Every structure is written in C-alpha cells, then in structure tokens.
Amino acid sequence: MKKTLVIIILLNCISTLSYSQPKTEFGVTTEGSWFTPRPNSEYSEPNRNGWGTGIGVYASRSIFWRLSADIGLAYRYKQMQQHYTMPYTEGGEYGYNTTDEGWKKYALNYMVVPVHLQLLTGKYLFIRGGIEASWLTNFDAGNKKTEYNWTMGFGSQKHKLKWSLNFIRGFKGVGFFNGLYTIDNGKYFSGTVYHNQMLQLNLSYPIWQKQ
C-alpha cells in the first residue's frame, strides 16, 4: 500500500514538473482583432464593425503550481464606422433645410495595460482571464477617461510562439467626442457612445526566461 502511494505521488510530481512554466519571463506581443461595438442605449447611433491590431511588451511570473500572472503595456488600434445625420441650410440664407447623412470612419488609438491570470490545463493548453485599463489618445474621451475591459480566453504554449484566442468586453459603455462640421466659424460636435466588444487573436514570444 505504501509503495503504491509513493509511486502515485512520484508520478504526480513528474506530471507537474512536465507542465511547469518559466518562473519569470519577458517578451513581446502582437494582436489582431475584430471590433464589434454594441449600442449602449436606444439613443446610440448605429455602428459598423471594424478591425484592430496592436503591439506591446509583457512580463510574466509563475505564482504556484500551474498558475501564472502577467502584466503588459501595448499600443492598440481600432477602426469603427458611425452613422451620422448632419442638418444644414442649402441655397444660402433663404434656402431650404436639408440633411446630409452617411457613415464616418474613425481610427482609434489606445494605450493599454492588460493584467491576466493564466492556468495550464494540460501540457500545452491554458485558459486565461483578466482585466484591461486603456486610454484613448487621439480623441476627447469624455467623462470616462479610463476604459476598463474584462477578458477571457484559451490558448497554447507548445512552442515559444504562444497564441491565445480571447473575448474582450467593456464593463461599461464608453464614448468620445468628434468634430463633424463647421458653420459660421463654429465647430459642432457629435457624441459617440458604445459598448466595447472584441474577438482577439494574441501572439506572444519570450525574449528572456528564467526557470
């Protein structure tokens, strides 16, 4: 009985070691995403889906067993289109009122700080989850200067080049202000409000590791 118990414990230790991760790791990361902004309220203007990309660096640290944590700093680009309706007077002072409507494209630039927990569920596969804090750098972000998202996904670390597929969604609705048109030297603004939602493919590669 004792011999059997020792063998079981030994096999478990070997299994745990074979699934082990580097104690500390620094690396680079890149991403591609499909951005699907959702209306935040019945008053939100319609939005069209867009694509995104990004690049950054990360630091990872093993906590215990198969659990590790990482933090990063990244640049993220997202593209979206918003429907607009712009009223104006055609034909001068005594003309008639009309409207111009269509779709306007916006390129959104962010600085992002992601924090994740990662759990190895097998020799190569892992699940991960965490939160992100991000800041819009090329528009006025309105009342919410910091955008918070939660993220969850899965991936593989069979090779040094790791991949993960993640779903990202904002905790709350966010928005930004944009100048659409100018009349009599006055600039008129339109507000854009939406709920962030993304499907992300993330690739990471270590440049330094320590066991």
Side-chain angles (χ1 to χ4, degrees), residues 26-61 68-87 101-118 128-153 164-183 185-204:
F26 295 92
V28 293
T29 181
T30 185
E31 66 179 71
S33 60
W34 184 238
F35 177 40
T36 57
R38 313 295 352 132
N40 187 55
S41 72
E42 60 179 315
Y43 304 106
S44 298
E45 289 286 349
N47 297 311
R48 282 180 175 170
N49 300 339
W51 59 275
T53 187
I55 188 170
V57 294
Y58 71 91
S60 175
R61 177 73 177 175
S68 63
D70 67 75
I71 185 170
L73 176 64
Y75 161 78
R76 176 177 293 164
Y77 170 88
K78 297 191 300 188
Q79 186 182 95
M80 67 177 289
Q81 295 186 60
Q82 182 207 16
H83 184 267
Y84 71 89
T85 302
M86 185 171 64
E101 61 179 327
W103 293 89
K104 186 172 178 62
K105 185 181 294 185
Y106 295 101
L108 309 178
N109 299 314
Y110 286 88
M111 291 302 297
V112 185
V113 176
V115 179
H116 302 111
L117 290 176
Q118 179 175 296
R128 68 190 317 217
I131 60 172
E132 296 179 341
S134 62
W135 297 269
L136 184 62
T137 62
N138 61 328
F139 286 99
D140 183 352
N143 293 330
K144 293 182 176 63
K145 302 298 182 182
T146 305
E147 177 182 332
Y148 294 100
N149 306 305
W150 58 265
T151 175
M152 60 184 301
S164 64
L165 188 64
N166 307 293
F167 180 74
I168 301 173
R169 186 175 172 84
F171 282 101
K172 295 181 179 181
V174 294
F176 59 89
F177 294 99
N178 44 80
L180 289 181
Y181 55 95
T182 302
I183 298 177
N185 296 322
K187 196 171 185 181
Y188 291 78
F189 291 84
S190 174
T192 300
V193 181
Y194 65 92
H195 208 122
N196 183 47
Q197 186 171 277
M198 301 169 59
L199 184 63
Q200 176 203 66
L201 174 63
N202 180 274
L203 302 176
S204 62

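Since we're looking at a predicted model, the values are computed, not measured. Only heavy atoms go into these numbers, but all of them, side chains included; no hydrogens, no water, no symmetry mates. The residues of the chain are indexed from 1 along the displayed sequence.
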Backbone of Gly56 reached by a side-chain donor or acceptor of Thr29 within 3.5 Å: no
Trp34: ring-ring contact (aromatic ring centres under 6.0 Å, His included) partners, not counting sequence neighbours: none
If only atom types and distance count, is the side chain of Thr137 paired as donor or acceptor with the main-chain N or O of Asn109 below 3.5 Å? yes
Counting only heavy atoms from other residues, nucleotides and ligands, does the tally under 6.0 Å from CE of Met152 exceed 12? no
For ring pair (Phe, Tyr, Trp, His ring centres under 6.0 Å), just list the numbers for Tyr110 and Tyr77, CA-CA rounded to whole Å, side-chain angles, deciding distance to a tenth of an Å, and then say yes or no. CA-CA 6 Å; Tyr110 286 88; Tyr77 170 88; 9.8 Å; no
Between atom OG1 of Thr36 and atom CE of Met80, what is the distance when rounded to the nearest 0.5 Å? 11.0 Å
What distance separates Ser60 OG from Gln118 CD, expressed to the nearest 0.5 Å? 6.5 Å
Apply side chain to side chain contact (heavy atoms under 4.5 Å, CB included) to residues Trp103 and Lys105 and explain how you reach the verdict. CA-CA 7 Å; Trp103 293 89; Lys105 185 181 294 185; over 6 Å; no
Over all atoms of both residues, closest heavy-atom pair of Phe35 and Gln79: CD2-O, 3.5 Å
Thr53 side chain to Glu31 backbone, donor-acceptor under 3.5 Å: yes
Which pairs of donor and acceptor atoms, one on a side chain in residues 166-175, lie under 3.5 Å apart (sequence neighbours left out)?
residue	atom	partner	partner atom	Å
Asn166	ND2	Ser164	OG	3.0
Asn166	ND2	Gln200	OE1	2.9
Arg169	NH1	Gln197	OE1	2.4

For the backbone of Ala107 and the side chain of Asn138, can you confirm whether one donor and one acceptor N or O come within less than 3.5 Å of each other? yes
What distance separates Asn49 CG from Leu199 CG, expressed to the nearest 0.5 Å? 11.0 Å
Could you walk me through whether Arg128 and Asp70 pass the side chain to side chain contact (heavy atoms under 4.5 Å, CB included) check? CA-CA 10 Å; Arg128 68 190 317 217; Asp70 67 75; 3.4 Å; yes
Value rounded to 0.5 Å, distance of CE in Met111 from CG in Leu136: 12.5 Å
Thr30 side chain to Gly54 main-chain N or O, any donor-acceptor pair under 3.5 Å? yes
Stepwise side chain to side chain contact (heavy atoms under 4.5 Å, CB included) check, Leu73 with Tyr58: CA-CA 6 Å; Leu73 176 64; Tyr58 71 91; over 6 Å; no
Under 4.5 Å between any side-chain heavy atoms of Val112 and Trp135, yes or no? no
Give the intermediate values and the outcome of side chain to side chain contact (heavy atoms under 4.5 Å, CB included) for residues Trp51 and Ser33. CA-CA 6 Å; Trp51 59 275; Ser33 60; over 6 Å; no
Relative to the ring of Phe176, is the ring of Phe139 parallel (under 30°), tilted (30 to 60°) or perpendicular (over 60°)? tilted
CZ (Arg76) and CG (Leu108) are apart, to the nearest 0.5 Å, by 11.5 Å
